[in-house]
Amino acid sequence: MSSNCPSSIASSPEPAADLDDLFAEEVIARPYAHFARLRERDPVHWNEKFGLWVVTGYDPVVWILRHHELFSSAVIRGVQAAPYPPVLPEDAHLFDEVRTFRADQLVEQDRPDHLEQRKTVHSFFTPTAMEGWRPFVRQVVDELLDEVWPRGRMNVVTDLAAPLPVRVIARMMGVPREDMDTLRGLADSILHLNRGEPDRLRPLTEGIRGIMEYARPFVRERIEDPGDDLISALARGETDGAFTRHQVLVNTGLMLFAGHETTMNLICNGLRAFIAHPEQWDRLRADPDGFARTATEECLRYDPPVKSTQRIVAREAELCGKTLSPGERIRWIIAAANRDPAVFEDPDRFDIGRQPNPHLSFGSGIHYCLGVALARMEGQEVFRGLARRFDRFELETEELRYQPSIQFRSLESLPVTWTVPS
């Protein structure tokens, strides 16, 4: 697909090895300059350090997404290589438990299984169905902001961004509100999945065991007495033969934590972008209803919740003059594609009125994000709610840190203060 690749690659004196450390502190903290250099130098790049292809150009990423038959989603089942970065040798045995859990997730399936499994929950996540949840989402946003309002400060991560998606998905799944702290803790443990710490398999397996045990009685109950909640939809998948019981448990757990991190990152990264660009915050405040949708899309493009995702090459493919062989891992960088100057004018500019905005933060093709309508609605309601209440936000510290993840763009903390309209 050479026609979709840059006609010329900018030369760079930087050694390729310097571009390969995806977990370097500077790359985690400030990824965009790093990925821009890689995109300019080699948009389809073989990463020697971790043994995988890294794709950063917008058109090559779109090409991959639209040729699902060439790239398998069953990465954890199809790749026998050791985890990267390396884990502690004494923890290596835990990887089999992680592999068993990951391999049964909906997102790790190829057609035809993927299509049949996705059908079981598709109707629950349609834009029309999600609009019915908007009043509840707005209510939760208001409640959370009511709680922090008298204090004059909040940690956006723990006071708003984390509790909102957990409270919403828990209501959709029909699990008790008093379990919120438990679910957040389990989600945080499971999200070590794409982190870089050598001991990450320990909290990860603890989270996997915890979420499976938590889900088990709810699944058993919904099999026997189904309702109209999301767990019941998954349970009907077992009745219809699309899922095994283990797959129902795994995907119940997936639904409980999958939207947690992405929505949390959208809120935190978006608000940080607004703080850094007060003129854009003023535009949103002047017309919250008019800009809520396009502002959310620009937050998704400018500093996306998910930095990258991966596949395994299923059939030999040619991409930008490179031969990709079966069995090789390939990871595309959403954060780089979303700032490709060949597609986005002035891509490093944060512009909440940007249209069109064909970002890839929800993917494309058959694996287009199932929860896209929910994530967009949560982002719109948060940014609209903040703009209506608060005049200006300020960071309490400039020393912000991100989780050492190659997949997620996750702030560890976002403490802010604010002023209110006089």
Side-chain angles (χ1 to χ4, degrees), residues 94 97-98 100-102 104-107 121 124 133 136-137 139-141 143-144 146-148 154-195 197 199-225 227-235 245-268 305 371 374-375 378 382 403 405 408 410-414:
L94 297 174
E97 193 169 343
V98 174
T100 299
F101 178 79
R102 282 284 302 277
D104 271 352
Q105 289 180 359
L106 171 62
V107 294
V121 291
F124 201 93
W133 286 93
F136 177 69
V137 173
Q139 174 190 332
V140 175
V141 171
E143 290 174 357
L144 293 170
D146 285 344
E147 291 174 11
V148 300
M154 68 171 160
N155 184 335
V156 181
V157 174
T158 56
D159 292 328
L160 175 62
L164 170 65
V166 175
R167 195 177 296 184
V168 172
I169 198 66
R171 172 67 73 90
M172 290 180 171
M173 301 194 84
V175 302
R177 179 170 172 171
E178 56 265 28
D179 291 354
M180 295 300 97
D181 289 342
T182 298
L183 292 175
R184 283 173 57 186
L186 292 171
D188 288 342
S189 295
I190 292 176
L191 288 164
H192 280 77
L193 197 61
N194 289 283
R195 300 264 290 272
E197 302 96 333
D199 64 348
R200 64 188 180 278
L201 290 185
R202 299 178 189 179
L204 174 55
T205 51
E206 289 175 6
I208 288 171
R209 294 166 187 168
I211 203 76
M212 295 285 281
E213 286 307 306
Y214 180 84
R216 199 177 305 279
F218 291 104
V219 170
R220 188 184 306 118
E221 177 184 301
R222 301 311 199 278
I223 289 284
E224 298 170 356
D225 185 21
D228 58 1
D229 56 86
L230 184 51
I231 296 180
S232 294
L234 290 163
R245 176 61 60 88
H246 186 261
Q247 288 171 329
V248 174
L249 290 170
V250 165
N251 286 290
T252 297
L254 174 66
M255 298 297 173
L256 282 168
F257 74 80
H260 168 88
E261 183 83 350
T262 49
T263 298
M264 184 172 71
N265 294 348
L266 167 58
I267 294 167
C268 291
L374 175 59
E378 289 174 327
V382 166
Q403 299 286 2
S405 170
F408 295 110
S410 306
L411 278 162
E412 293 181 357
S413 179
L414 184 61

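Computed from a predicted structure; not experimentally measured.
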*Does any non-hydrogen side-chain atom of Val168 lie less than 4.5 Å from one of Leu374?*
yes

*About how many Å separate CD of Glu261 and OG1 of Thr263, when rounded to the nearest 0.5 Å?*
10.0 Å

_Polar side-chain atom of Asp159 near backbone of Asn155 as donor-acceptor pair, under 3.5 Å_ = yes

*asked:* Could you report the tightest heavy-atom contact between Gly174 and Arg222, atom names first, then the distance?
replied: O-NH2, 3.0 Å

*Within a strict 4.5 Å, meaning less than it, do heavy atoms of the Asp188 and His260 side chains meet?*
yes

*Please examine the side chains of Leu266 and Glu378, heavy atoms only from C-beta on, and report whether any two atoms are closer than 4.5 Å.*
no

_Exercise: identify the closest heavy-atom pair between Asn265 and Ser410_ = ND2-OG, 3.0 Å

*Just wondering, do Val140 and Arg171 contact through their side chains at under 4.5 Å, heavy atoms?*
no

*Going by heavy atoms in the side chains, are Ile267 and Leu160 under 4.5 Å from each other?*
yes

*Is a side-chain N or O of Asn251 found less than 3.5 angstrom from the main chain of Leu254, in a donor-acceptor match?*
no

*Step through the shown structure and confirm whether more than 12 heavy atoms of other residues, nucleotides or ligands are within 6.0 Å of CG on Asp228.*
no

*Mind running side-chain contact (heavy atoms from CB on, under 4.5 Å) on Glu412 and Val157 for me, showing each step along the way?*
CA-CA 7 Å; Glu412 293 181 357; Val157 174; over 6 Å; no

*Heavy-atom side-chain proximity of Glu143 to Arg167 below 4.5 angstrom*: yes

*Verify the distance criterion only: is there a donor paired with an acceptor across the side chains of Thr205 and Glu97 at less than 3.5 Å?*
no

*asked:* Using every non-hydrogen atom in the two residues, find where Val248 and Val219 come nearest and quote the distance to one decimal.
replied: CG1-CG1, 3.5 Å

*Quick one: sort the Tyr214 and Phe218 rings into parallel, tilted or perpendicular, breaks at 30° and 60°.*
tilted

*For the residue pair Leu204 and Leu94, establish whether any side-chain heavy-atom pair is separated by less than 4.5 Å.*
no

_So, taking the atom named CD1 in Ile231 and the one named CD in Glu221, what distance separates them when rounded to the nearest 0.5 Å?_
8.5 Å

*Residue pair Ser232 / Asp229, side-chain donor-acceptor N/O under 3.5 Å*: yes

*Got a second to check how far Leu230's CG is from Thr252's OG1, nearest 0.5 Å?*
7.5 Å

*Could you pull out the closest heavy-atom pair between Ala161 and Pro165, with the gap in Å?*
O-CD, 2.9 Å

*Where is the tightest heavy-atom contact between Leu256 and Ile211, given as atom of each residue plus distance?*
CD1-CD1, 3.9 Å

*Once you round to the nearest 0.5 Å, how far does CZ of Phe101 lie from CZ of Arg209?*
12.5 Å

*Got a second to check how far Arg177's CZ is from Leu183's CG, nearest 0.5 Å?*
13.0 Å

*Calculate, to the nearest 0.5 Å, the distance between atoms CD1 and CZ belonging to Ile223 and Arg220 respectively.*
10.5 Å

*asked:* Do Arg184 and Asp181 make a side-chain contact, defined as non-hydrogen atoms from C-beta onward lying under 4.5 Å apart?
replied: yes

*Minimum heavy-atom separation for Pro305 to Thr262, with atom names?*
CB-O, 3.3 Å

